[in-house]
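A short write-up of the structure that comes next.
In the text below, chain A, chain B and the rest are named by the order of the sequence lines, each starting its count at 1.
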There are 2 protein chains.
Amino acid sequence: MRIAELSRRSGIPVPTIKYYLREGLLPPGELSSRNQASYDEGHIRRLRLVRALLEIGRLPIATIKSVLSELDTPEPNLHHAMGRALRGSIASEPGPEGDREVETLIERRGWSVSPEAPARRAVADVIAAMHQLGWDSMLAQIDGYAEIADRAARLDMEVLARHSEPDEIVYSAVVGTILGDALIAGLRRLAQENASAQMYRRDGEPTPAATRECR
Amino acid sequence: MRIAELSRRSGIPVPTIKYYLREGLLPPGELSSRNQASYDEGHIRRLRLVRALLEIGRLPIATIKSVLSELDTPEPNLHHAMGRALRGSIASEPGPEGDREVETLIERRGWSVSPEAPARRAVADVIAAMHQLGWDSMLAQIDGYAEIADRAARLDMEVLARHSEPDEIVYSAVVGTILGDALIAGLRRLAQENASAQMYRRDGEPTPAATRECR
DNA sequence: GATAGTAGACAGCATCACTATCCATAGTTT
DNA sequence: AAACTATGGATAGTGATGCTGTCTACTATC
């Protein structure tokens with residue numbers, strides 16, 4: 001198919017598609033002549049992926065490019081690519097603020113995580129920020145959140161196990177991880193609203209927390 | 001204290017502080033004369049909060065403003081404010097793509113969630129994107145993720161219950177929700193790395209998934 | 001052969017989050 | 001009191017990001 005049809009079927013304007021081609025987010029179509037290329041279903045799939053990572057995952061174009069290029073590699077190191085995607089590849093200098101706490105948490109849970117996993121930095125940054133904000137009560141429960149993360153990861157693996165073709169697994173890991181973040185965040189918001197509604201209803205006299213929370 | 005000291009103690013340049021004042025993210029200092037205002041500890045706290053929402057929560061300035069102004073309200077509707085924060089207040093038109101599925105999920109779990117909760121749209125959008133990408137295997141497990149979200153929300157409520165002063169509760173709900181998303185995402189990434197490492201180690205012959213996953 | 005579509009190059013644009021400059025004034029030092 | 005520095009407020013400029021528009025030399029199609 002030609003670019004007009006690709007645009008029509010994907011709902012993305014032609015200039016934008018050309019931009020993605022320039023940026024290397026979309027592989028070039030097969031040139032049949034100097035100004036004629038043909039695109040296929042793979043391009044449509046790729047465009048949808050790009051838009052999902054952009055709009056749902058909120059990743060910047062540059063990060064999407066690096067994630068996709070990792071995905072196109074024969075032996076992709078997905079953990080690293082997606083770890084970088086987590087914090088937009090902004091590396092704050094290694095201050096020992098939350099570093100030690102991440103370290104001990106990983107040890108406590110017996111997790112095996114490579115020392116240069118970008119997610120370590122990301123978690124350390126969040127911990128540091130929470131300390132700065134005097135929001136230590138959440139950090140006191142960090143093992144509880146780690147347990148939840150563990151359950152989520154096990155579910156992720158189960159989902160991943162349903163796929164057998166190697167190409168699909170890699171693709172799926174990306175989608176599952178990045179869109180999964182958005183899904184979990186959204187579900188948590190719904191569950192929070194429910195939880196605070198329950199709390200409000202339970203005791204006859206609403207606590208200050210409940211009144212504040214439940215509108 | 002004057003603006004120079006506020007800048008020094010918060011680590012944020014003076015022009016940036018002036019910008020936040022202009023944008024209404026930071027309440028003005030108390031004017032002692034036409035060109036002399038004094039700032040207090042509350043301003044430092046607020047600046048740290050703004051930076052955390054910006055850098056860790058990745059919220060745009062405009063969204064932070066709306067969240068903060070809700071936070072300054074005597075009767076804040078936090079669910080709504082934070083729901084909007086979840087998707088940057090971008091309201092995609094209500095396509096029935098994932099709407100129905102969110103509806104039935106909420107019903108299945110017996111959650112009580114207000115009909116106009118923005119998180120509904122956010123989750124519906126993610127579901128729609130996953131359908132588009134043909135990534136239905138994760139949606140097949142959506143109840144599992146909802147269960148995880150429920151546990152997270154219960155933990156959130158426990159953390160919140162440790163605070164008693166109303167001001168602190170509101171502040172905490174914001175920090176806990178928005179930074180909590182980042183924390184959970186980061187922990188999930190660590191747990192995923194561990195889970196795929198386990199999967200690799202368990203069976204002598206690595207599955208395609210494991211080799212792909214574990215580098 | 002007229003018309004419409006295309007690849008590729010390049011320039012322009014809107015938004016965002018600052019950053020820089022200026023000015024009249026105020027505090028501070030000498 | 002004079003010199004100097006800092007401040008609040010206003011306005012303009014900057015760099016990055018994610019497109020969008022225009023142009024040219026071509027090509028497919030009617």
A:Arg48 side-chain N/O to B:Gln132 backbone N/O, donor-acceptor pair under 3.5 Å: yes
Sidechain-backbone polar pair: A:Thr177 side chain, A:Ala173 backbone, donor-acceptor under 3.5 Å: yes
Considering every strand and a 4.0 Å limit on heavy-atom distances, what is the contact class for B:Leu21: base, sugar-phosphate, or nothing? nothing
Does the A:Arg46 side chain pair with the main chain of A:Leu25, one donor and one acceptor, at a distance under 3.5 Å? yes
So A:Arg51, base contact, sugar-phosphate only, or nothing? Heavy-atom distance under 4.0 Å. sugar-phosphate
Using a heavy-atom cut-off of 4.0 Å to chain B, what are the terminal contacting nucleotides of DNA chain C, in 5' to 3' order? C:dA17 to C:dG27
Check every strand shown and say whether A:Pro28 touches a base, only sugar-phosphate, or nothing at a heavy-atom separation below 4.0 Å. nothing
Give me the atom names and distance for the closest heavy-atom approach of A:Ala146 to A:Trp111. O-CZ2, 3.7 Å
Whichever of B:Arg34 and B:Ala62 has its nearest DNA chain C nucleotide further upstream toward 5': B:Ala62
Test your reading of the model: is there a side-chain donor-acceptor pair from B:Arg120 to the backbone of B:Val113, 3.5 Å cut-off? yes
Compare every heavy atom of B:Arg2 with every heavy atom of B:Tyr39, then report the nearest pair and how far apart it is. CD1-C, 4.0 Å
From the list A:Arg51, A:His43, A:Lys65, side-chain hydrogen bond (donor to acceptor under 3.5 Å, both in side chains) partner of A:Tyr20 resolves to A:Arg51
For A:Arg2, answer base if it contacts any base atom (sugar-phosphate contacts may also be present), sugar-phosphate if it contacts only those atoms, and nothing otherwise; contact means non-hydrogen atoms under 4.0 Å. sugar-phosphate
B:Leu59 or B:Ser32, whichever maps to the more 5' nucleotide of DNA chain C: B:Leu59
Side-chain ion pair, A:Arg188 and B:Asp150, N-O less than 4.0 Å: no
Range on DNA chain D touched by chain A - first to last nucleotide, heavy-atom distance under 4.0 Å: D:dG18 to D:dA28
5'-most by nearest nucleotide on DNA chain D - A:Asn35 or A:Tyr20: A:Tyr20
